[in-house]
2 protein chains.
Amino acid sequence: MSGIEDVASLAGVSKATVSRALSGRGYVSAETRLRVSEAAASLGYVVSSSASSLVTGRTNNVGVIIPVINQWFFGSIIEGVERALLERGYDLMLYNLTKSHEERTRVFEYFLVRKRVDAVIAVTLEITPDETATLLALGKPIAGIGGPLEGIPTFGIDDVAAARLATEHLLLLGHRDIMHVGGDIDEQMDFHVHSKRLMGYMDALTAAGIPYDHDSYVAARFDIPGGYRVGKQILGDPRRRPTAIFAASDEVAMGVILAARELGISVPDDLSVIGIDDHPLAELFGLTTIEQRPDLQGEQAVDWVIGQLDQPGWRPPAQHTVLPARLVMRSSTAPPRPRLP
Amino acid sequence: MSGIEDVASLAGVSKATVSRALSGRGYVSAETRLRVSEAAASLGYVVSSSASSLVTGRTNNVGVIIPVINQWFFGSIIEGVERALLERGYDLMLYNLTKSHEERTRVFEYFLVRKRVDAVIAVTLEITPDETATLLALGKPIAGIGGPLEGIPTFGIDDVAAARLATEHLLLLGHRDIMHVGGDIDEQMDFHVHSKRLMGYMDALTAAGIPYDHDSYVAARFDIPGGYRVGKQILGDPRRRPTAIFAASDEVAMGVILAARELGISVPDDLSVIGIDDHPLAELFGLTTIEQRPDLQGEQAVDWVIGQLDQPGWRPPAQHTVLPARLVMRSSTAPPRPRLP
DNA sequence: TATGATTCTGGAAGCGTTTGCAGACGAGGA
DNA sequence: TCCTCGTCTGCAAACGCTTCCAGAATCATA
């Protein structure tokens, strides 16, 4: 394991010059730079990041805190963030914060603080004011993905608007009897996605002059089996069956579609279904949906924190950056079947 | 940002004692240790990992190289690895190596080598002898997840055996006409999973005295849409339709089931389907499968590399550790419908 | 030619820890 | 009593870089 000293003597220069030549900072003649690079290459030298962070105070790491990994939305974020970081020369330290409070505390109080990261990206994580303070006190840029959050800039779609858009699509097709299958408000994921999507749904109904019926919202676990179970339950009862369902996520929507198929209910003839996400499987299911791009949300968060690192003191124009969410029409929605008199 | 010096003076001891008290190495009286911890806590002191790695040569990071994130198998591995690392006091640096050769080279030659990680876990990654050499030359433990790999210890199921087990299950039920829908051999994922599963399938057939028919293996993309497409193709042609299909992964299997349903083919009455993985959705589809636990594979890999770090020189008993894969019976497999004469 | 600006290089002082070494102290054994 | 041994602590030397500073060389300008 050769050090900078070896490179220096092989190239016939001082350590200082080697450092300058390799890092590209400060004056170094072209000729010297070449000699140094060659020496470094021939020795297989690579700078020690610990030594260099010790003096510069920069680790070139960004910490990412995420509650789940194995779900499309979260996996896509990680992919986007990772790609963006790698491109910009940063490494990604992953912290998977599951429900456990203990784990959470440990990460916050111990790992993140340990001068190991230059910045933090918190995905869909409700950070308490205390924790925000902790992080801000470190002077490290923090960005959030998912929704407005007090005190830190966030990137994500407008969940209320997306839900409204989805519901409006159904209304526009002529549906009046629209149910919403969403996440459990009490078992709220952080960032209040569930209540926001419910709100968008209600907004749209209200605007259309349709009274909101309390039973028309049903909570489901936020995955395919969750949607399936609730679908079976709702659609199994003919008196209860709506003409359209707005599911709060594509996975839930696909679960509902599976349930419908099993019950012999034709989508979209007997039932229209719309979701949110544009999940990779949405196409297979012909699912009409509201597209969002978690990977781009991640990328933007990266851009912001790195911008902060590059020019400290700079602040973003907006506290919450709204990314686009657009309607993707497929074959799971259609006008309701005309009622026979 | 207070340093060790501040803690030292607040506690009325030397830097050396603070270091010993906080790290738990060397002699420190109980009373002193307490005073130091309190001082540290009250100052919100936390050791600088760069400074400490600089002198100890240990970063407490483990690098994980993985080709995909947003797929159940890979996501589960990350979850397992992350959990295990966190428990043991290590941080996880994530490198998502997509196909791009350039990216791959960069990670290998630049990021990993940069003295940023103590060990490397390569997931399902065919490392060239050159790369293996590079890594080994660094003196860093490396483990692989997925299958036997020259020169480094690996953890995973026996793909040949798992495929054989799946096929045997179908044979035992009385099927003779069994097709295999697997990954594209040419578009091989690393580690040769595809060819191994094909081999297990052929082995089982051969052992049962059934001649292997060249058309009975069809390649599909390794996901639900891939399985669906091939399913439509195979099952759409009545002359070609087998009584059972062994899909190389649960996702492919579920795609096939979706195709079957759409064609009005009843599973398992008209067609038995078995997969490999025990994907979270397998239960919903009633899919009989061979269970494997990627998270445990990750955990074992972590255990091994950390074992190496703790007691250098120690070598594992086996080069490839085979983890269990067991049959989980559900409702997608049954004896073939008796042929009408 | 003198003067200043610009480019290039080396010496040396850190950055914030850990750890080898040595000294101090008290306890127990000969 | 003298020694040894185990426990506890502090000093100071690394660890491998970056960067400030100063000096040398080069070049353009007055």
Side-chain angles (χ1 to χ4, degrees), chain A residues 1-40 43-61 89 110 113-118 138-139 309, chain B residues 1-37 39-40 43-61 89 91 110 113-118 138-139 309:
Chain A
M1 204 92 313
S2 47
I4 198 175
E5 191 73 63
D6 306 312
V7 180
S9 64
L10 179 56
V13 295
S14 70
K15 294 190 305 177
T17 301
V18 172
S19 174
R20 280 186 290 249
L22 261 30
S23 71
R25 269 173 296 236
Y27 294 116
V28 180
S29 74
E31 185 221 2
T32 309
R33 188 188 311 278
L34 185 65
R35 247 195 2 264
V36 171
S37 333
E38 278 171 353
L43 291 174
Y45 168 79
V46 23
V47 340
S48 150
S49 64
S50 347
S52 121
S53 349
L54 179 56
V55 34
T56 60
R58 295 275 293 258
T59 61
N60 281 287
N61 287 160
Y110 180 66
V113 172
R114 255 178 106 197
K115 293 155 189 162
R116 318 180 115 270
V117 296
D118 292 337
L138 296 172
L309 291 172
Chain B
M1 205 89 317
S2 46
I4 199 176
E5 191 73 61
D6 306 312
V7 180
S9 63
L10 179 56
V13 294
S14 70
K15 294 190 306 178
T17 301
V18 172
S19 174
R20 280 186 288 248
L22 262 31
S23 71
R25 271 174 294 237
Y27 293 117
V28 180
S29 74
E31 186 220 2
T32 309
R33 186 188 313 277
L34 185 66
R35 249 196 0 265
V36 171
S37 331
L43 291 174
Y45 167 78
V46 22
V47 342
S48 151
S49 63
S50 345
S52 127
S53 346
L54 178 55
V55 34
T56 60
R58 295 273 293 258
T59 61
N60 280 287
N61 288 161
D91 286 352
Y110 180 67
V113 172
R114 254 179 105 198
K115 292 155 189 161
R116 316 180 118 270
V117 296
D118 293 337
L138 296 172
L309 291 172

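Side chains are part of it too, since the values below use all heavy atoms of this structure and drop only hydrogens, waters and symmetry mates. Proteins get letters first, then strands, A, B, ... in listed order; numbering begins at 1 in each.
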Can you list everything that forms a side chain to side chain donor-acceptor pair (under 3.5 Å) with [X]? Sequence neighbours excluded, please.
X	value
A:Ser29	A:Thr32
A:Thr59	A:Asp118
A:Ser14	A:Thr17

Integer-rounded Å distance: [N] [atom2] and [X] [atom1]:
X	N	atom1	atom2	result
B:Leu34	D:dT9	CG	C1'	17 Å
A:Glu31	C:dT9	CD	C1'	13 Å
A:Leu22	D:dG16	CG	P	16 Å

B:Asp91 versus B:Asn60: any side-chain heavy-atom pair under 4.5 Å? no

Do A:Ile4 and A:Val47 have side chains that approach each other closer than 4.5 Å (heavy atoms only, starting at C-beta)?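 No, their side chains stay 4.5 Å or more apart.
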
Output every pair passing salt bridge (charged side-chain N to carboxylate O under 4.0 Å, His left out) with a member in residues 9-18 of chain B, not counting sequence neighbours, ordered by first then second residue.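 For residues 9-18 of chain B: none.
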
Residue pairs involving residues 17-30 of chain A (criterion salt bridge (charged side-chain N to carboxylate O under 4.0 Å, His left out); sequence neighbours excluded):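 Output for this query is empty, none listed.
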
If you compare all heavy atoms of [X] against all heavy atoms of [Y], which two are closest, and at what distance to 0.1 Å?
X	Y	answer
A:Val18	A:Ala8	CG2-CA, 3.5 Å
A:Leu309	A:Arg58	O-NH1, 3.5 Å
B:Leu22	B:Ala40	CD2-CB, 4.2 Å
B:Ala51	A:Leu54	CB-CD1, 3.6 Å

Every protein N/O within reach of nucleotides 11-19 of chain C N/O, cut-off under 3.5 Å:
residue: C:dT17; atom: OP1; partner: B:Tyr45; partner atom: OH; Å: 3.1
residue: C:dT17; atom: OP2; partner: B:Ile4; partner atom: N; Å: 2.8
residue: C:dT17; atom: O5'; partner: B:Tyr45; partner atom: OH; Å: 3.0
residue: C:dT17; atom: O4; partner: B:Lys15; partner atom: NZ; Å: 3.2
residue: C:dT18; atom: OP2; partner: B:Ser19; partner atom: OG; Å: 2.3
residue: C:dT18; atom: O5'; partner: B:Ser19; partner atom: OG; Å: 3.4
residue: C:dT19; atom: OP2; partner: B:Arg25; partner atom: NE; Å: 3.4

Residue pairs meeting side-chain hydrogen bond (donor to acceptor under 3.5 Å, both in side chains), one or both in residues 43-55 of chain A, sequence neighbours left out, come to none

Strictly under 3.5 Å: I want the nitrogen or oxygen pairs between protein and nucleotides 22-25 of chain C, one per line.
none

Review item, nucleotides 5-7 of chain D N/O atoms under 3.5 Å of protein N/O:
residue: D:dT7; atom: OP2; partner: B:Tyr27; partner atom: OH; Å: 2.5

When we call it a touch if two heavy atoms are under 4.0 Å apart, what does A:Thr32 touch: a base, just sugar-phosphate, or nothing?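 Sugar-phosphate, backbone atoms only, no base.
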
Need the bend value for the helix from C:dT1-D:dA30 to C:dA30-D:dT1: angle between end axes, 5 pairs each end, nearest 10°.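 The helix from C:dT1-D:dA30 to C:dA30-D:dT1 shows an end-to-end axis angle of 40°.
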
Applying salt bridge (Lys or Arg N to Asp or Glu O under 4.0 Å), name anything that partners B:Arg35, two or more places apart in sequence or on another chain. B:Glu31

